[in-house]
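In what follows, a single structure is set out as structure tokens and then discussed.
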Amino acid sequence: VQLQASGGGQVQTGGSLRLSCVVSGRPGSTYVTAWFRQAPGKEREFVAAIGWRGTTYYAESWTGRFIISKDIAKNTVFLQMDSLQPEDTAVYYCAVDYLSVESTTSRARQASSYQYWGQGTLVTVSS
């Protein structure tokens, strides 16, 4: 199984980016895909997840600036990020939980729930 994350870059405060995560190497699409991020000197934290049927799960701190979606035909999950702030600067990782068709909020927010991880894409927001 391979996860290829892309779409990161450098933007100014208030800008937008859309991250993509392509999942390959395993047939089917009945899994949960998530985005996590890790800022310099901080622990990895959950951002959002989406289940097979499109159920979405967001971090407790979610303000609506980030929206997760998926294109089943392309085995791709997206993270639309708007109104970006300097504190959003981090490496963003996508991850897959093949043990779940759908998840629960509690399970989705735990990094240990995911068996496969991508390499990460860097997002830098400058003030």
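Cluster membership for W117 and L122, using ILVMFWY side-chain heavy atoms within less than 4.5 angstrom, is shared. Under the 4.5 Å side-chain heavy-atom criterion for grouping Ile, Leu, Val, Met, Phe, Trp and Tyr, L17 is connected to I50 within one hydrophobic cluster. I68 and Y57 are members of different hydrophobic clusters when ILVMFWY side chains are connected at heavy-atom separations under 4.5 Å. W62 and M81 fall within the same hydrophobic cluster, defined by Ile, Leu, Val, Met, Phe, Trp and Tyr side-chain heavy atoms under 4.5 Å apart, directly or through other members. When hydrophobic clusters are built by joining Ile, Leu, Val, Met, Phe, Trp and Tyr residues whose side-chain heavy atoms come closer than 4.5 Å, directly or via intermediates, L79 is not grouped with L3.
Looking only at distances, a side-chain donor or acceptor of T89 sits under 3.5 Å from a matching main-chain atom of V125. Using modelled atom types, no side-chain atom of Y58 and backbone atom of T105 make a donor-acceptor pair closer than 3.5 Å. With hydrogens and angles disregarded, no donor-acceptor distance shorter than 3.5 Å links the side chain of Y31 to the backbone of L99. Within the 3.5 Å criterion, the main-chain N or O of K74 finds a donor-acceptor partner in the side chain of T76. Formation of a donor-acceptor pair under 3.5 Å by the E102 side chain with backbone atoms of R53 is found in this model. A donor-acceptor distance shorter than 3.5 angstrom exists from the side chain of Q119 to the backbone of A5, with no hydrogens or angles considered. Judged by distance alone, with hydrogens and angles left aside, the side-chain atoms of Q110 form no donor-acceptor pair with the main-chain N or O of A108 at under 3.5 Å. T13 contributes a side-chain N or O that, together with a main-chain N or O of S126, makes up a donor-acceptor pair within less than 3.5 Å.
By the 4.5 Å heavy-atom criterion applied to side chains, Q80 and R65 are not counted as neighbours. In this structure the side chain of Y114 reaches within 4.5 angstrom of the side chain of F36, judged on heavy atoms. Within the 4.5 Å cutoff, no side-chain heavy atoms of V32 are placed close to those of T55. At a threshold of 4.5 Å between non-hydrogen side-chain atoms, the residues Y93 and V47 do not count as touching. Proximity of F46 to W35: side-chain heavy atoms (C-beta onward) are nowhere separated by under 4.5 Å. The side-chain heavy atoms of F78 and T33, taken from C-beta on, include no pair separated by under 4.5 Å. Side-chain atoms of S100 and R107, non-hydrogen and from C-beta on, do get closer than 4.5 Å to each other.
Among Q38, R37, R109, the one residue that satisfies the side chain to side chain contact (heavy atoms under 4.5 Å, CB included) test with E45 is R37.
At most 12 heavy atoms of other shown residues, nucleotides or ligands fall within 6.0 angstrom of atom CD in E60.
No side-chain N or O of S113 forms a donor-acceptor pair with one of D97 less than 3.5 Å apart.
Pairing each heavy atom of T121 with each of G8, the nearest pair is OG1-N, 3.0 Å.
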